[in-house]
Amino acid sequence: MSGLGPYLIGVDRSRLGGHLALTLTVALGGPAGDIVRPAAGAWRGLGLTEEQHRRVVDYLAGVLWALDVPAGAVDAARRAFADEAGA
């Protein structure tokens with residue numbers, strides 16, 4: 001997450017990485033999808049502000065696009081992160 005480093009000062013990046021991995025797994029229909037769904041506002045427990053959350057989600061979507069992930073999957077990931085933000 002070096003591109004986001006300046007925006008994540010004081011954030012536990014290890015916990016954030018785990019949260020992102022779980023949310024993406026659920027959003028993309030992975031095995032955790034039937035077991036766990038991150039709760040609305042879960043990102044607040046990571047020490048992120050709303051602005052930081054938006055930046056992380058935008059950055060993640062850009063990475064997915066750069067990796068040629070299908071548009072439907074990128075949209076599903078964005079929706080999952082929007083849902084957890086209560087948007």
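By the salt bridge (Lys or Arg N to Asp or Glu O under 4.0 Å) test, Asp12 pairs with no residue at all, sequence neighbours left out. Legend: residues meeting side-chain contact (heavy atoms from CB on, under 4.5 Å) with Val11, ordered by chain and number and at least two apart, are Leu8, Leu16, Leu48, Gln52. Val63 is linked by a side-chain contact (heavy atoms from CB on, under 4.5 Å) to Tyr59, Leu67, counting only residues two or more places apart in sequence or in another chain. Listed by chain and number, the residues in a salt bridge (Lys or Arg N to Asp or Glu O under 4.0 Å) with Arg54 are Glu50 (sequence neighbours excluded). The side-chain hydrogen bond (donor to acceptor under 3.5 Å, both in side chains) search around Asp58 returns Arg78, not counting sequence neighbours.
For the side chain to side chain contact (heavy atoms under 4.5 Å, CB included) with Leu20, the qualifying choice from Val56, Thr25, Val57 is Val56, the only one to do so.
Side-chain contact between Leu28 and Val69: absent, with no pair of heavy atoms (C-beta onward) separated by less than 4.5 Å.
Listed by first then second residue, pairs satisfying salt bridge (Lys or Arg N to Asp or Glu O under 4.0 Å) with a partner in residues 59-72 number zero, not counting sequence neighbours. Residue pairs meeting the salt bridge (Lys or Arg N to Asp or Glu O under 4.0 Å) criterion with at least one member in residues 14-31: none, sequence neighbours excluded.
In this structure, CG on Leu24 lies 5.0 Å from CG on Leu60, to the nearest 0.5 angstrom.
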